[in-house]
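Residues take their numbers from the sequence shown, with the count starting at 1. Order of appearance sets the numbers: ligands from 1, and atoms from 1 within every ligand.
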Amino acid sequence: MSVCTSSLPIGVFDSGVGGLTVLRALRELLPNENFLYLGDTARVPYGTKSPESVTKYALQAGGALVREGIKMLVVACNTASAVSIDALAAEYGPLPVVGVVKPGAEAACATTINGKIAVIATESTVNGGAYQRTICSMHPDAEIIAYPCPLFVGLAEEGWVEGELVEAIVARYLEPLFAAFGEVGPDTLVLGCTHFPVLRKAISNVAGSAIRLVDSAETTARTVENILSEAKICNTDKDKGQVSFLATDSAQRFAAVGGSFLGVEIDTNDVRVVDL
Ligand code: DGL
């Protein structure tokens with residue numbers, strides 16, 4: 001494949017800073033790879049937008065990364081993965097295009113024992129039904145209930161990730177979701193949004209130890225690793241890989257908020273502002 005060379009970066013995009021949780025998992029698993037991350041911070045959130053708008057934005061974000069030169073496109077945004085993955089693959093194939101929904105669904109099926117799977121995500125992801133369809137295609141007997149938790153996005157961006165107030169909000173969303181399963185509740189809860197891993201502790205405290213949390217970031221990183229090695233495009237450079245950031249709005253805000261999602265500080269000077 002002429003567009004793929006091993007030293008090119010892996011392009012990763014999200015509606016904003018949330019996808020840095022996916023980049024974090026990718027960097028942990030693939031430390032030698034170079035990454036180019038694009039956060040469409042001027043247009044976040046995607047999770048409340050129509051499928052037409054999400055696909056238009058996703059194609060523009062993907063296009064910007066492709067023009068920079070990448071060897072693979074990772075759609076870190078659950079909403080864009082749920083709504084626009086086919087359009088992205090059609091537009092940018094034969095470049096490998098990987099979303100987070102399929103790896104998350106696979107992990108949920110591998111985790112559940114009682115076949116009852118709860119999914120929390122943005123409104124657009126839930127309404128589009130991609131998690132429900134994908135899990136169902138892998139585990140036809142599964143009972144899946146998906147529920148939107150839009151306030152979690154704001155809490156994560158505000159850095160309000162633990163404590164009584166946060167757990168009260170988490171409980172307000174999760175209690176009706178779990179009750180909807182009836183007498184036997186779910187044993188698996190899919191964190192179907194880039195921002196939710198940041199709230200993992202609060203979600204886990206409310207869900208209780210009987211419910212296992214599935215984070216699509218980790219499973220997506222493993223999928224990317226497999227595709228790289230099957231396509232023989234792993235970076236063979238022994239040095240630690242480089243990460244560059246693009247944002248469509250303020251570099252300062254991207255760096256200030258993004259650090260907690262990536263797990264390391266981001267220098268404003270490392271963020272280039274682009275217009276899509
Ligand atoms: N990145 C989005 C997702 O994973 C969450 C934020 C948004 O609504 O854009 O669905």
Side-chain angles (χ1 to χ4, degrees), residues 11-26 37-62 65 73-85 87-88 97-105 107-108 118-132 134 146-161 170 173 189-200 203 213-221 223 245-250 253-254 257-258 260-262 276:
V12 181
F13 90 85
D14 179 47
S15 54
V17 291
L20 292 167
T21 56
V22 177
L23 181 60
R24 181 180 186 162
L26 285 163
Y37 180 94
L38 168 64
D40 191 7
T41 43
R43 299 190 289 200
V44 68
Y46 285 8
T48 51
K49 306 273 179 358
S50 68
E52 293 75 22
S53 293
V54 172
T55 299
K56 182 170 119 188
Y57 298 165
L59 287 171
Q60 289 173 345
L65 288 170
L73 180 62
V74 177
V75 186
C77 180
N78 282 259
T79 304
S81 298
V83 173
S84 320
I85 198 77
L88 285 160
V97 177
V98 179
V100 289
V101 170
K102 191 159 173 257
V119 179
I120 51 175
T122 65
E123 268 171 69
S124 303
T125 301
V126 169
N127 293 342
Y131 268 107
Q132 298 91 311
T134 313
Y147 199 75
C149 301
L151 270 189
F152 290 5
V153 172
L155 288 175
E157 295 221 352
E158 200 60 35
W160 291 11
V161 294
V170 170
Y173 283 111
L189 174 63
V190 179
L191 308 181
C193 174
T194 48
H195 287 60
F196 298 178
V198 176
L199 295 162
R200 190 182 184 113
I203 294 171
L213 305 191
V214 168
D215 174 356
S216 53
E218 291 158 16
T219 46
T220 300
T223 301
F245 303 99
L246 305 175
T248 53
D249 196 23
S250 162
R253 182 163 167 83
F254 182 96
V257 183
S260 62
F261 288 81
L262 187 60
L276 302 181

Exercise for the section: Using only heavy-atom distances, determine whether the side chains of T219 and S216 contain a donor-acceptor pair under 3.5 Å. Expected result: no

Handout entry: Listed partners of F261 passing ring-ring contact (aromatic ring centres under 6.0 Å, His included), at least two apart
Key = H195

Using atom types as modelled, flag every donor-acceptor pair under 3.5 Å from a side chain in residues 18-25 to any protein atom, sequence neighbours excluded.
unit_1, atom_1, unit_2, atom_2, d
T21, OG1, G18, O, 2.9
T21, OG1, T194, O, 2.9

Problem - Within 6.0 Å of CZ in R43, more than 12 heavy atoms from elsewhere - result: yes

Handout entry: Sorted by chain and number, the residues that approach ligand 1 to under 4.0 Å with a heavy atom
Key = D14, S15, V44, P45, Y46, G47, C77, N78, T79, T122, C193, T194, H195

Exercise for the section: Decide if the gap between the ring center of Y57 and the ring center of Y46 is smaller than 6.0 angstrom. Expected result: yes

Problem - Pairs satisfying side-chain hydrogen bond (donor to acceptor under 3.5 Å, both in side chains), at least one member in residues 118-127, at least two apart - result: T79-T122, T79-T125, T122-T125

